[in-house]
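Convention: sequence-line order gives letters A, B, ...; per-chain numbering from 1. In what follows, every heavy atom counts, from backbone to side chain, and hydrogens, waters and symmetry copies are set aside. Worth saying up front: this structure is predicted, and the values here are computed from it rather than measured.
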Amino acid sequence: MNLEFENELAEIEERIAELSKLDSKEHPQLNKDIGALRRKMKSLTRRIYENLTPWDTVRIARHHDRPLFKDFIAGMCSDFIELHGDRRCGDDKALIGGFATIDKHRVMLIGMVKGRTVDEKVHHNFGMPNPEGYRKALRLMKLAEKYGLPIVCMVDTPAAYPGREAEERGQAEAIARNLTEMAGLEVPIVVVITGEGGSGGALGIAVGDAILMLRYAVYSVIPPEGCAAILWRDAERAPEAADALKITAESLLDLGIIDQIIDEPPGGAHRDPETTIERTREAVVETLQRLKRQSTARLRDNRYDKFARMGRVKKRRSKSSK
Amino acid sequence: MNLEFENELAEIEERIAELSKLDSKEHPQLNKDIGALRRKMKSLTRRIYENLTPWDTVRIARHHDRPLFKDFIAGMCSDFIELHGDRRCGDDKALIGGFATIDKHRVMLIGMVKGRTVDEKVHHNFGMPNPEGYRKALRLMKLAEKYGLPIVCMVDTPAAYPGREAEERGQAEAIARNLTEMAGLEVPIVVVITGEGGSGGALGIAVGDAILMLRYAVYSVIPPEGCAAILWRDAERAPEAADALKITAESLLDLGIIDQIIDEPPGGAHRDPETTIERTREAVVETLQRLKRQSTARLRDNRYDKFARMGRVKKRRSKSSK
Amino acid sequence: MGWFKRSARKTPQNEIPEGLFAVCPRCKAHIYKDEYESAFKVCPKCNHHERLTAAERIELIVDKGTFREFNSEIKPNDPLDFKDAKGSYRQKAEDAIAKTGLNEAVVTGSGDINGTRAVIAVMDFRFLGGSLASATGEKILLASEHALRMKRALLIFSASGGARMHEGIVSLMQMAKTCAGIARLDRAGLPYISIMTDPTYGGVSASFATVGDLNIAEPGALIGFAGRRVIEQTIKEKLPDDFQTAEYLLEHGFLDSIVNRGEMKDYLHRVLQYSLGKKV
Amino acid sequence: MGWFKRSARKTPQNEIPEGLFAVCPRCKAHIYKDEYESAFKVCPKCNHHERLTAAERIELIVDKGTFREFNSEIKPNDPLDFKDAKGSYRQKAEDAIAKTGLNEAVVTGSGDINGTRAVIAVMDFRFLGGSLASATGEKILLASEHALRMKRALLIFSASGGARMHEGIVSLMQMAKTCAGIARLDRAGLPYISIMTDPTYGGVSASFATVGDLNIAEPGALIGFAGRRVIEQTIKEKLPDDFQTAEYLLEHGFLDSIVNRGEMKDYLHRVLQYSLGKKV
Ligand SMILES: [Zn+2]
Ligand SMILES: [Zn+2]
């Protein structure tokens, strides 16, 4: 499964694979050739990934082989106990959580599950939570607060589910409640945007003390396709919208929305999930160590200031008052 | 609508009504006769109501003309603002609440609504709340706590609704949550059992600092009919069960379950709702004045002790340890 | 979020003829313009509540002469230097300012409601669809901070299609920012009353608008997270007519009350008496 | 509440023949009795979890030799001097005591779970259907108070048909009483884990059993407020087969997890490590 800007890479990969099948005794040049191809591939990868457009990044963030929340759980945690249910109505399959141990840190780990096979995708509603997902997340966060456990939220969702029953059960209220309650939680909250940060659906678990983001994840107020459909009346112009919306980690760091970029290996997380997950683990652990040193009151005040600063408007004299 | 033990009263009432239609000029004895009948009725009423069986009391507590929560609201409050919804799933029609002013006291007033006409009964589900009713009540109680308003709960329900969706939405959890949260609320809670105190369905809003009870209300762990069906295999023996279960205000005061009996006028609340409601208002106001003088911590500790005392078992030496 | 262009209904104000009569956009009744205006644009025939400007709303709710506006000079930011097919966001914002006489989609200030002072924020749908952006969020946060300092109630009248996509992620963050302000009021025991008017969607419904101590709405107001069309496309079925109306939300447990415009001021005053007992 | 007589299933223990084999009450498989007992009465064929006595449960969960029982001398009260067609409650209670060797329907104490000390309450369905009454409530409250004093976790294994109607209103009040104890633990930040076993109904499900920080159940356990028959009579329709099973409750959001009996001890130990971080 290749993205079109990776076609050249795919070709080289294929040639390497072909050559590797040959007998090196019959082809004395073989190892040298393969080595050259690998070097070429490496530099090409670097070149491609240094020149990605925002829209390329969107494609990578949605890549089939990109590590998903369950991969992160398996790779980052020495223990995970899933805790189900919102105690009101259901157990959301798109947004899950539970006790987890990362290094020596016991935390409450929460995140969106997308699924990889068709069955999994359907089961997990393509990672689009319903209100009971946000309410389960809040229940678990409150439990973490009671037990003094830091919270780690891993964000990867196209959007909160725009369904009829989601509306009837208060999708808007569920997200709003989380934003309000998370502002006041008395434990550290680490957020990692790992794939798609889809608008309010992402933000619903993304009010944190530290917002980390994988290099090729995206985080946006609206999907580029939707934005293009509205502003250019043409969903095909999504690449332009992706550009205009400033949704890449680099842009978001500049805008002061995120605190840290977690570098992905050359060629993206989908080429090397293991390294990606390991780097994520390291970044989360470092952040936890830092945040755990802060007092509860300090944490909460800093969190307030952090979000209060976002989009802070310098007061300007209005024309009328000269 | 008469209960059978009131038949004699009904006959006298009828005779008085007949005589009242006659012309007193033609019947010089008339006023004297009516006076005599009234005196007879008064003493008979007193005699009947002093000798009610527990089962008679059940019948009175369920009487068609007994004042219902909406009558109490109208009669007790100079202001009432109903607040709807549990913010999760629905707005229960059997259990309502809102801001209310009783005398000079601003309170959160919560209670079960039964309805009197068939349509009303159906609309209010015969006063049997669903989980969203208990959750709405809890939401309002938390709001009262935030605003420092005392809570007044008026109980009149046959039971929490035993329906399929009630189970699916967690009837048990909703009641349990209320019991747990009410134990910790930092405002005074006054409970008045006005009609039927139907088991867990009643208790779900009846954890209070002061439990008042109208003289002919009942409060029971199980409806007498149900108890008779189980223990005597015969629902017809409900009167015996009513007796055995000790469900009258008098018995409950003896058992230390309630704190105060609000006297009903002779002939019961259904004969004189106005006086009943006025006495209830007075009792509630007195209780509020008393409870408002207590500190938050004191209130909560006292509430704990109150329920901890209920059914306190004296430690006895067991046979085995001699 | 950001779908306000689609979900916004035609502004029916245009349909009112210049003459003596106004035409109700719902029931098409002809109403004496004077009567219509003095009823604050509520149709006497069908109780349709027409959208109000922020100024009209303030006139309706706040005691005459008591409104003191905050931060009126705050204007839209352009953090992304955003341009689309029809031009720049900067120009769009300037046009909105010129059209409405407002500097942003929300007016904030303090004022008395039947003598009880409160902090009030009123959104104006005419200004870029009442969209939530950095300056809107900033003004609301500043209003909540004022309420906190002065120990007053905060009232927000919402009217919004959602987040303003021209400010991208910065506008999304205003949801968290405004809610952080609400959370502080809540911890301080101060009342926050949300009044949702037509329409309240997306980034506004999914932030401050739905977490009031009391959530109140005007009759018939459309309130939701996603727009009707988006949902119909997703679930591939038609939605009921009353979907996302205030009445529908009340039935589903998300509103404390639906209050007619003519009774709103007295209602809010009554409610404030209960909510401020501890503080004043 | 109080419907346990009706909702209680036949105690299938009686069906196990005296010989070498036990018969699974669900799938009717013949199982070597030794195998069955050493698996703590879980059927190896269909995973049916047969009811356990309090002693069996404690043996399963608590490290050998560490259980110290509290208040074992507390016996049923008879606040109503209750008599029915079949005799007095007092006699009934004496019979239950004689039959089970227990003084009440709950055994409480402290013990270690893989080395982590906790306060534990275990209900025994054999004792008057595990019904909640004054002595049951008192023992649970005292256990919660012990946990509070010693800053330990509280674990309650429920198995109950509901309130014990022979103690009338006094038994109803035990719901509020036990929940008041739970509320104090909660305010103190101490963990309370509820484990629901078959069956958990009425006054127990509507009090302490469903308000755990974690609500856990054994597979197939029946858990509900009202009994199936009462509901079917009320709504006049048949309920689905899986109605009120643990699996059904998990799907509806009321359980954190369903845990097999064989894994329960380790599971609880793991969970306690997260819950006690702040306190120990
Ligand atoms: Zn009209
Ligand atoms: Zn079996």
Enquirer: Which bit of Glu251(D) is near chain B, if near means a heavy-atom gap under 4.5 Å: side chain, backbone, both or neither?
Expert: neither

Enquirer: Of the backbone (N, CA, C, O) and the side chain (C-beta and beyond), which part of Arg169(B) lies under 4.5 Å from a heavy atom of chain D, both, or neither?
Expert: backbone

Enquirer: Could you give me the CA-CA distance, side-chain angles and deciding distance for Lys136(B) and Asp92(B), then say whether salt bridge (charged side-chain N to carboxylate O under 4.0 Å, His left out) is met?
Expert: CA-CA 8 Å; Lys136(B) 171 170 64 179; Asp92(B) 200 74; 5.8 Å; no

Enquirer: Side chain from CB out, backbone as N, CA, C, O: work out which of these in Lys83(D) comes under 4.5 Å of a heavy atom of chain B, or both, or neither.
Expert: backbone

Enquirer: Is chain D contacted by the side chain of Ala160(B), its backbone, both, or neither, given a heavy-atom distance below 4.5 Å?
Expert: both

Enquirer: If you tally heavy-atom pairs under 4.5 Å against chain D, which of Arg309(B), Arg300(B), Glu240(B) wins?
Expert: Arg300(B)

Enquirer: Name the member of Phe307(B), Trp232(B), Tyr304(B) that forms the most heavy-atom pairs with chain D at distances under 4.5 Å.
Expert: Tyr304(B)

Enquirer: Look at Ile235(D), Val170(D), Ile231(D) and state which one has the largest set of heavy-atom pairs under 4.5 Å with chain B.
Expert: Ile231(D)

Enquirer: Would Arg177(B) count as a cation-pi partner of Tyr134(B), with NZ or CZ less than 6.0 Å from the six-membered ring centre and within 45° of the ring normal?
Expert: no

Enquirer: Could you grab the distance from atom CG of Asn77(D) to atom OG1 of Thr136(D), nearest 0.5 Å is fine?
Expert: 10.0 Å

Enquirer: With a 4.5 angstrom heavy-atom cut-off, is it the side chain or the backbone of Gln244(D) that approaches chain B, or both, or neither?
Expert: side chain

Enquirer: Taking Lys86(D) first and then Asp84(D), would you say they form a salt bridge - that is, a charged N and a carboxylate O separated by under 4.0 Å?
Expert: no

Enquirer: Relative to chain B, which of Pro240(D), Ala133(D), Gly253(D) shows the most heavy atom pairs under 4.5 Å?
Expert: Pro240(D)

Enquirer: Using heavy-atom distances under 4.5 Å, tell me whether Ile247(B) contacts chain D through its side chain, its backbone, both, or neither.
Expert: neither

Enquirer: Report yes or no: does Asn215(D) contribute a side-chain atom to a donor-acceptor pair with the main-chain N or O of Ser194(D) at less than 3.5 Å?
Expert: no

Enquirer: Between Glu145(D), Lys139(D), Arg184(D), which shows the greatest number of heavy-atom pairs under 4.5 Å with chain B?
Expert: Arg184(D)

Enquirer: Would Tyr89(D) and Glu167(D) count as having a side-chain donor-acceptor pair, cut-off 3.5 Å?
Expert: yes

Enquirer: Top residue by heavy-atom pair count (under 4.5 Å) with chain D, among Asn178(B), Ile257(B), Val207(B)?
Expert: Ile257(B)

Enquirer: Between the side chains of Asn130(B) and Gln171(B), does any donor sit under 3.5 Å from an acceptor?
Expert: no

Enquirer: Side chain, backbone, both or neither: which part of Leu245(B) has an atom under 4.5 Å from a heavy atom of chain D?
Expert: both

Enquirer: For residues Glu218(D) and Ile258(D), report the shortest heavy-atom separation together with the two atoms involved.
Expert: C-CG2, 3.9 Å

Enquirer: Taking side chain as everything from C-beta outward and backbone as N, CA, C, O, which of these in Leu80(D) sits under 4.5 Å from a heavy atom of chain B? Side chain, backbone, both or neither.
Expert: both

Enquirer: Between Glu167(B) and Tyr248(D), do the side chains contain a donor N or O and an acceptor N or O under 3.5 Å apart?
Expert: no

